[in-house]
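Written below as structure tokens is the structure these notes are about.
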2 protein chains.
Amino acid sequence: MVTITDVARAAGVSPSTVSYVLSGKRTISLETRRRVQQSIRRLGYQPNARARALASSRTHVIALVVPFRVDLNVPVVMQFVAAMVGAARAYDHDLLLLTKDEGSAGLRRVIGSAIADALIVMDVEAAEPRIPVLASLRRPVVLVGVPDQPQGLTCVDLDFVAAGAATVNHLADLGHRRIALLGPSPAVYERGTSYAGRFLRGFTEAVAARGLHAVSHPCVPSYDGVRVSLHQTLDADPSITAIVTHNEAVLGPLLSEVRHRGLDVPRDISVVAVCPDDMAKAQSVALTSLAIPAAELGRLAVDMTMRQLDGPAPAEIRLLSPRLTQRHSTARPRP
Amino acid sequence: MVTITDVARAAGVSPSTVSYVLSGKRTISLETRRRVQQSIRRLGYQPNARARALASSRTHVIALVVPFRVDLNVPVVMQFVAAMVGAARAYDHDLLLLTKDEGSAGLRRVIGSAIADALIVMDVEAAEPRIPVLASLRRPVVLVGVPDQPQGLTCVDLDFVAAGAATVNHLADLGHRRIALLGPSPAVYERGTSYAGRFLRGFTEAVAARGLHAVSHPCVPSYDGVRVSLHQTLDADPSITAIVTHNEAVLGPLLSEVRHRGLDVPRDISVVAVCPDDMAKAQSVALTSLAIPAAELGRLAVDMTMRQLDGPAPAEIRLLSPRLTQRHSTARPRP
DNA sequence: TTGAAAGCGGTACCAG
DNA sequence: CTGGTACCGCTTTCAA
């Protein structure tokens, strides 16, 4: 293994000089720098991250708590993670994978034993039990999602309250009066996942504000689940003219089932989906959708983490404004 | 921060004794051990992973190259990763996330700078370009997938050749004579992804061996893609009585489209899916499936990595035998 | 502009 | 059974 001392010897300088050439924290004469860089290349020197971490108390690693749940929408989670890895690499950092299974103990472990410098936590619950631990770690933390009591922790998320309202307003503007909301699977609500409740609140408030009528049900993401939900909604109230889905996993089954019932989208029924844009476009009917900007949120989460690593940054709650794109699944209801 | 020296002082012993209590590499009197453990608890001591890594040249981190591609089946990848994180934790190791984007340079980086002790590589191609680098690293490496020239690297995967044959044999046993294979998306073939070609080979060989007739097409995982594929198969040859899909992402669209054509599964057409069991069960018709044992493969990959970390282990190529479960999507063809 | 050397916090060898 | 101490490889302060 090539060490900094080997490089120093080869270049005829001291180890500290090599270190400074690498970090740029000291001005080095052009001549010396050349020689050092040449030796580094010739020897194929790669600084030892462990030694560097020990000496500088910076691991350049961010721990990421990923929700490996089946009931959560997997492709969306993947988009998040992919964006974060990319963003972290751009800052010359790596991501360490943590699961929710390890719970608070896992968070304490990676920070306490200095495996990682900071934490990004996904799948945040409204009554998030990990908050006390997170706050006690005194390390940079970014939550993807907004708990009811953030306790001074930094959060980033889509503004789901505004998102809920946006879907309603779009439909109300088109003239719909009676609409149905198919929400996430019951497990998501039971767990108190933060975004589920916030979306529902925005939805409900807008329904009231616009004087509409609405029903909402959680929805199990399967054909059977969708059949049940449609029974609870369309069958129970045939005057419903529009469906909002806040559950990416039901899109396929829903459209399939609706078509099976002989209904045309959007002629007989309008559909608004809350999902990433690419997903909305890939359906049998290009869906009017409220975008989940997973990539942007992921990048932001990393940015905010880095800012905290650079120095004390004020806690903030960053909510991205929703963006609704009309495609071919919404239209005026038939008279 | 509490260090090993603090603990030693509190317990009235030397740092090395504390270290040995922790590692168990030396017999310590019960009395001393008690005192030390008590001090550890009282002070809330957590060993510093960086220092430990530097001194022991073991980071307890395994780098995992995850394919963040949309054309790959995302839920399956997630199942893999989840299983690996769990398995790694059971060995007191963590997983570092790497993307294929970084290519060979990324592999060289994490090993060269001693960020990780070993590598697990997913999304292996038949003509895998990273093999020379991987071999040159002289570190434990496990490939999930089998390249054409493994060059002494350890691999683990489902036996896709046998899997292809198993799907054919099941259908042949039921009496089907003309079948269609809907494969992965064209991008997967173009990339030369290892499993795609192997499955196709096993499928084709079995078709010949059983004297059947078959057509196969890649399939874009969308409604349009499925429509095109069905046009190329069922429409081109109406005597086809069974479909094999080696593409988890088309299951929903396929069943929906088939139903839309007024065909009943399995009365009019049999369907065999290559996908994880839970996915097969979640479809509108419980599918006869050839299981992709993602969790088991993930666990195995970690096991094999750990074995290599324990000492020089002979290279091996471990192929899991396929398991086909008949559910409600296959039956004898109508006379 | 550069060098020497004291850490960073453990591990493990050499003694006793 | 336990202690002392020389590293592990890099960063950074102190001196020149």
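Each chain gets a letter, A, B and so on, in the order the sequences are listed, and its residues count up from 1.
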Worksheet item: Does A49(A) offer a backbone N or O that forms a donor-acceptor pair with the side chain of S113(B) under 3.5 Å?
Response: no
Fill in: Any residue of residues 50-61 of chain B with a heavy atom less than 4.0 Å from an atom of DNA chain D
L54(B), A55(B)
Between side-chain atoms of residues 55-65 of chain B and protein atoms elsewhere (two or more places apart, or another chain), which donor-acceptor pairs fall under 3.5 Å?
from	atom 1	to	atom 2	distance (Å)
S56(B)	OG	R52(B)	O	2.6
R58(B)	NH2	L309(B)	O	3.3
T59(B)	OG1	V61(B)	N	3.1
T59(B)	OG1	D117(B)	OD1	3.0
T59(B)	OG1	D117(B)	OD2	3.2
H60(B)	ND1	D92(B)	O	3.1

Discussion item. Taking the side chain as everything from C-beta on, heavy atoms only, tell me whether V81(A) gets closer than 4.5 Å to V66(B).
Written reply: no
Ignoring hydrogens and angles, write down the donor-acceptor pairs under 3.5 Å from the side chains of residues 141-156 of chain A, residues two or more places apart or on other chains.
none

Worksheet, complete the sentence: Nearest heavy-atom contact between P15(A) and A8(A) is N-CB, 3.5 Å
Worksheet item: Is there any salt bridge (charged side-chain N to carboxylate O under 4.0 Å, His left out) pair reaching into residues 1-15 of chain B, and which pairs are they, with sequence neighbours excluded?
Response: D6(B)-R9(B)
Response to the item:
Sorted by number, residues from residues 23-33 of chain B placing a heavy atom under 4.0 Å from DNA chain D are R26(B), T27(B), I28(B), S29(B), T32(B)
Worksheet item: Is it true that the side chains of S16(B) and S19(B) contain a donor and an acceptor less than 3.5 Å apart?
Response: no
Fill in: Residue pairs fulfilling side chain to side chain donor-acceptor pair (under 3.5 Å) with at least one residue in residues 126-139 of chain B, sequence neighbours excluded
E128(B)-R130(B)
Practice prompt. Taking side-chain hydrogen bond (donor to acceptor under 3.5 Å, both in side chains) as the test, write out the residues that go with T5(B), two or more places apart.
Written response: none
Worksheet, complete the sentence: Scanning both residues in full, the closest heavy-atom pair of L95(B) with A88(B) reads CD1-CB, 3.6 Å
Practice prompt. Kindly state which residues belonging to residues 4-14 of chain A come within less than 4.0 angstrom of DNA chain D, counting heavy atoms of the residue only, listed by number.
Written response: I4(A)
Worksheet item: Looking at residues at least two apart in the chain, or sitting in another chain, which of them share a salt bridge (Lys or Arg N to Asp or Glu O under 4.0 Å) with E296(B)?
Response: none
Practice prompt. May I ask you to say what T17(A) touches in the nucleic acid, namely base, sugar-phosphate or nothing, with a heavy-atom cut-off under 4.0 Å?
Written response: sugar-phosphate
Practice prompt. Could you list where the contact with chain B starts and ends along DNA chain C, reading 5' to 3', using a 4.0 Å heavy-atom cut-off?
Written response: dG9(C) to dC14(C)
Fill in: Salt bridge flag under 4.0 Å for residues R89(A) and D101(B)
no
Worksheet item: Nucleotide range of DNA chain D contacted by chain A, 5' to 3', under 4.0 Å to a heavy atom?
Response: dG9(D) to dC14(D)
Discussion item. By the salt bridge (charged side-chain N to carboxylate O under 4.0 Å, His left out) test, which pairs, at least two apart or in different chains, include something from residues 32-46 of chain B?
Written reply: E31(B)-R35(B)
Worksheet item: Is any side-chain N of the basic residue among R318(B) and D303(B) closer than 4.0 Å to the acidic one's carboxylate O?
Response: no
Worksheet item: With a 3.5 Å cut-off and no angle check, do the side chains of R198(A) and S194(A) form a donor-acceptor pair?
Response: yes
